[in-house]
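Here's the structure we're looking at; comments come further down.
Note on naming: letters A, B, ... go to the chains in the order of the sequence lines (proteins, then strands), and numbering restarts at 1 for each one. Any value given below was found using the heavy atoms of this structure, including those in side chains, with hydrogens, waters and symmetry copies removed.
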Amino acid sequence: AQSVTQLGSHVSVSEGALVLLRCNYSSSVPPYLFWYVQYPNQGLQLLLKYTTGATLVKGINGFEAEFKKSETSVHLTKPSAHMSDAAEYFCAVSDRVWAGGAGNMLTFGGGTRLMVKP
Amino acid sequence: EPEVTQTPSHQVTQMGQEVILRCVPISNHLYFYWYRQILGQKVEFLVSFYNNEISEKSEIFDDQFSVERPDGSNFTLKIRSTKLEDSAMYFCASRPTGGEWETQYFGPGTRLLVL
């Protein structure tokens with residue numbers, strides 16, 4: 001069974017500071033990895049995903065994540081926080097299924113609420 | 001840009017009542033999902049649906065729950081007799097068959113409160 005752990009339910013940074021949100025996963029085989037963001041009163045929006053290839057993945061809004069198989073981690077970073085980055089961030093994994101497979105349910109971490117101080 | 005929509009955004013119901021949560025997936029997507037998030041807890045998978053049948057379901061998805069695609073655009077989640085513990089945010093998601101097929105696109109959610 002897969003599991004996802006996000007370290008820190010709340011993270012607070014100053015505007016302009018580095019953002020680092022941590023995610024570790026447990027899976028019998030390397031899964032697909034996703035980061036979603038949820039702004040207040042909105043749904044889950046995909047930030048980035050890792051499926052194969054380059055382990056450093058760039059997403060939207062200046063975020064990126066590095067998949068480290070040896071550490072089973074996919075931490076999310078952004079060099080300089082902006083006030084608009086305040087939101088809840090979710091790390092998720094799914095099995096490596098083929099495109100026609102009906103599965104690939106997502107297993108989510110507990111989420112990290114990012115607060116950005118002026 | 002196409003998006004998943006859900007109605008209603010909020011629903012309050014009495015314990016024991018039936019509720020139907022509605023979702024309109026992205027039009028060319030064929031795989032559909034329901035997830036829920038109880039306040040303060042993780043987002044949890046409920047069920048996946050493809051080709052007019054359930055593909056996978058979690059332990060949460062018991063006989064009180066059902067899903068249906070009543071027409072070419074809607075995807076519904078029915079809770080037959082709601083319990084207090086069904087209070088949660090319910091998210092619908094869909095994914096395509098080609099292109100970005102690994103990616104599930106989520107709706108804004110329906111917040112259900114059972115009194």
Does [X], at its [atom1] atom, have more than 12 non-hydrogen atoms belonging to other residues, nucleotides or ligands within less than 6.0 Å?
X	atom1	result
B:R22	CZ	no
B:L84	CG	yes
B:E85	CD	yes
A:M115	CE	yes
B:D63	CG	no

Seminar exercise, completed: Honestly, the part of A:S94 sitting under 4.5 Å from a heavy atom of chain B is neither
Problem set entry | Under 4.5 Å from any heavy atom of chain B - which part of A:Q38 |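 When you check distances to chain B, only side chain atoms of A:Q38 fall under 4.5 Å.
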For this session: Verify the cluster assignment for A:V37 and A:V13: are they in a single hydrophobic cluster under the rule of side-chain heavy atoms below 4.5 Å apart?
Result: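 In one cluster: yes.
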Exercise. Hey, any chance B:F61 and B:W34 share a hydrophobic cluster, counting ILVMFWY side chains that come within less than 4.5 Å of each other, even indirectly?
Worked result: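 Yes.
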Exercise. Within the side chain of B:Y35, is there an N or O that forms a donor-acceptor pair under 3.5 Å with the backbone of A:L106?
Worked result: yes
Exercise. Ignoring hydrogens and geometry, is there a side-chain-to-backbone donor-acceptor pair from B:K42 to A:V4 under 3.5 Å?
Worked result: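 It does hold such a pair.
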Would you say that [X] contacts [Y] through its side chain, given a criterion of any heavy-atom pair below 4.5 Å between the two side chains?
X	Y	answer
A:Y36	B:Q104	yes
B:E102	A:Y50	no
A:Q45	B:Y105	no

For this session: Any chance you could measure A:M105, atom CE, to B:S55, atom OG, to the nearest 0.5 Å?
Result: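 That separation rounds to 12.5 Å.
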Exercise. Tell me, side chain or backbone of B:Q37 under 4.5 Å from chain A's heavy atoms, or both, or neither?
Worked result: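 Contact with chain A is through the side chain of B:Q37 alone.
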Problem set entry | B:F45 and A:F108 aromatic centres sub-6.0 Å | no
